2 protein chains.
Amino acid sequence: MAVTPLRERTRREIEQQAIVLFSDKGYLATSLQDIATAAGCSKATVLYHFTSKAAVLASVLEQPSALLAALLDEASQLPPAEAQERTINGFVDLGVQFRGLLNVLNEVIPSVLEIPELEGLVAAGDRLARLLAGSDDPEQIAMAEFAIHGLLGACRVEHLQYTEEQLRNLCVKATRRLLT
Amino acid sequence: MAVTPLRERTRREIEQQAIVLFSDKGYLATSLQDIATAAGCSKATVLYHFTSKAAVLASVLEQPSALLAALLDEASQLPPAEAQERTINGFVDLGVQFRGLLNVLNEVIPSVLEIPELEGLVAAGDRLARLLAGSDDPEQIAMAEFAIHGLLGACRVEHLQYTEEQLRNLCVKATRRLLT
DNA sequence: GTCTATACGAAGATAGAC
DNA sequence: GTCTATCTTCGTATAGAC
């Protein structure tokens with residue numbers, strides 16, 4: 001148990017290489033052959049460990065998804081005002097931390113409904129908007145969604161010209177302006 | 001001249017069907033075969049009129065691109081304060097009018113640098129951010145970019161639940177909050 | 001000039017040998 | 001568990017009918 005079983009080694013290597021390639025070239029521009037070559041195995045081996053290319057993506061997004069879900073669960077149990085505060089800071093932190101993968105997220109959103117493995121993320125997006133909004137006012141929720149898209153776009157495009165700290169401050173400031 | 005030449009009929013039909021398909025399923029999920037079938041011709045005919053799939057996209061985006069460029073040219077010649085005002089309203093109008101295609105734009109952005117036909121749009125994005133910002137302050141420009149991404153996302157995701165008027169008001173309000 | 005027919009390489013995915 | 005071989009469909013290219 002202390003030692004990684006052999007059966008998991010290849011799978012992990014595939015996932016790690018996929019993270020690098022997806023962050024670098026994007027999901028669609030990365031082929032199964034690219035992943036296989038980087039991981040030192042064949043295309044068929046990738047599809048043995050993951051049932052499809054979308055399944056590789058889902059696996060790559062598993063950790064950030066879980067962290068987002070945990071944040072939402074935690075914030076849900078706070079009083080409304082604190083919940084909004086916690087959600088803003090936590091979401092910006094997640095966005096900055098996983099900015100390489102946000103690139104991928106944005107890329108895939110248009111067809112996200114056709115990737116069953118990513119349904120959980122869609123649902124999380126709805127919960128996130130409601131918590132950010134801090135109320136059930138439709139306009140406030142729309143502002144929250146505007147903020148989410150702004151953040152995804154900002155982290156994607158500018159992840160090279162700003163430090164993590166600058167990006168975090170910018171996103172928090174913009175989100176507050178939208179939700180006040 | 002009053003009558004549409006035959007040579008243009010097929011081309012127009014292809015473009016119209018491409019707009020519908022791109023708006024509905026997205027660019028990447030639409031194949032040349034889909035376009036050809038919808039237009040009532042063969043794949044090769046599509047590629048006779050347009051040199052590649054990317055060229056079809058470029059043609060589809062030609063009108064909104066031209067309108068955006070015209071808006072930026074017009075706003076550039078106004079004094080700073082009016083320029084910002086004009087750019088906000090004009091850009092929101094364009095976003096709402098072509099919201100079906102914004103879907104496509106978002107989808108293609110990650111790899112936009114690899115589609116030569118779309119270089120003009122990238123440059124326009126930079127000009128747009130500077131005009132929206134109304135100054136050369138980097139933070140203000142970052143806010144403008146945040147607003148652009150928010151708008152693209154909002155128009156894309158919510159283009160079914162809101163009327164054009166509601167969407168326009170929402171986007172103007174959000175953009176003002178970010179840029180004030 | 002306008003189109004159909006056909007072919008090529010690469011993609012995601014599956015079947016079966018080892 | 002990993003491979004090779006194979007299937008289908010994609011985007012693209014070209015030859016040639018009308």
Side-chain angles (χ1 to χ4, degrees), chain A residues 3-19 21-22 24-61 104 107-108 110-118, chain B residues 1 3-22 24-61 104 107-108 110-118:
Chain A
V3 186
T4 306
L6 266 180
R7 37 178 295 179
E8 288 293 301
R9 265 242 328 249
T10 305
R11 186 188 164 93
R12 265 194 235 281
E13 184 62 22
I14 291 169
E15 190 174 321
Q16 287 303 313
Q17 296 301 327
I19 291 178
L21 288 167
F22 288 168
D24 191 39
K25 317 197 317 175
Y27 171 72
L28 294 152
T30 300
S31 70
L32 287 174
Q33 187 61 64
D34 291 336
I35 299 172
T37 301
C41 65
S42 75
K43 236 183 355 173
T45 297
V46 174
L47 289 170
Y48 167 77
H49 288 282
F50 303 89
T51 55
S52 68
K53 190 186 173 188
V56 178
L57 175 62
S59 181
V60 162
L61 294 179
V104 176
E107 181 182 10
V108 160
S111 47
V112 83
L113 299 174
E114 296 155 31
I115 304 184
E117 287 92 341
L118 265 53
Chain B
M1 296 72 186
V3 186
T4 306
L6 266 178
R7 37 179 293 176
E8 287 294 301
R9 264 242 328 250
T10 305
R11 186 188 163 93
R12 266 192 235 280
E13 184 61 21
I14 291 168
E15 191 173 319
Q16 287 303 314
Q17 297 301 326
I19 291 178
V20 173
L21 288 166
F22 288 168
D24 192 40
K25 317 197 316 174
Y27 171 72
L28 294 151
T30 300
S31 71
L32 287 174
Q33 186 62 62
D34 291 336
I35 299 172
T37 301
C41 66
S42 74
K43 234 179 10 167
T45 298
V46 175
L47 288 170
Y48 166 76
H49 288 283
F50 303 88
T51 55
S52 68
K53 189 185 174 188
V56 178
L57 176 63
S59 181
V60 161
L61 294 179
V104 176
E107 181 182 11
V108 161
S111 48
V112 82
L113 298 173
E114 295 155 31
I115 302 183
E117 286 92 342
L118 265 52

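Numbers restart at 1 for each chain; the letters A, B, ... are given by sequence-line order, proteins then strands. Not measured: the values here are computed from a predicted model.
- The side chain of A/T10 places an N or O atom within less than 4.0 Å of a non-bridging phosphate oxygen (OP1 or OP2) of D/dT2.
- Here D/dT12 is the nucleotide among D/dT12, C/dG12, D/dT2 with the atom lying nearest to any side-chain atom of B/S52.
- Not a single donor-acceptor contact under 3.5 angstrom links the side-chain atoms of B/K53 to the base of D/dT12.
- Within 4.0 Å of A/L32, counting heavy atoms only, lie sugar-phosphate atoms of the nucleic acid but no base atom.
- When rounded to the nearest whole Å, the span between NZ of A/K25 and C1' of C/dA11 equals 12 Å.
- Contact of the B/E13 side chain with the B/C41 side chain is not registered, since no non-hydrogen atoms from C-beta on lie closer than 4.5 Å.
- A/R11 and A/H49 make their closest contact through NH1-O, 3.0 Å (heavy atoms, listed as atom of the first residue, atom of the second, distance).
- At whole-Å resolution of the value, CD in B/E13 and P in C/dT2 are 16 Å apart.
- Between A/E8 atom CD and D/dG1 atom C1' the separation is 12 Å, expressed in whole Å.
- Look at OH on B/Y27: it is 14 Å from P on D/dC10, rounded to the nearest Å.
- Between B/Y48 and B/T10 the shortest side-chain heavy-atom distance does not fall below 4.5 Å.
- Residue B/H49 places no side-chain N or O under 4.0 Å from the OP1 or OP2 atom of C/dG1.
- Phosphate proximity of C/dT2 to B/T45: absent, as no side-chain N or O sits under 4.0 Å from OP1 or OP2.
- Across the protein-nucleic acid pair, B/L28 atom CG and C/dG12 atom P stand 13 Å apart, rounded to whole Å.
- In this structure, B/R9 places its CZ atom 13 Å from P of C/dT2, rounding to the nearest Å.
- Heavy-atom minimum distance, B/L47 versus B/K53: CD2-N, 4.3 Å.
- Nucleotide C/dA5 holds its C1' atom 14 Å from the CG atom of B/L47, rounded to whole Å.
- In the set D/dT2, C/dC3, C/dA5, the nucleotide with an atom closest to the side chain of B/A44 is C/dA5.
- The side chain of A/K43 lies closest to C/dG12 when the candidates are D/dC3, C/dC3, C/dG12.
- Among the nucleotides D/dC3, C/dA13, C/dT2, the one closest to any side-chain atom of B/Y48 is C/dT2.
- When heavy atoms are screened at a 4.0 angstrom cut-off, B/S42 is found touching base atoms of the nucleic acid.
- In summary, the side chains of B/D34 and B/T37 do not present any donor paired with an acceptor at a separation below 3.5 Å, with no hydrogens or angles considered.
- In this structure, B/I35 atom CD1 and D/dC10 atom C1' are separated by 12 Å, rounded to whole Å.
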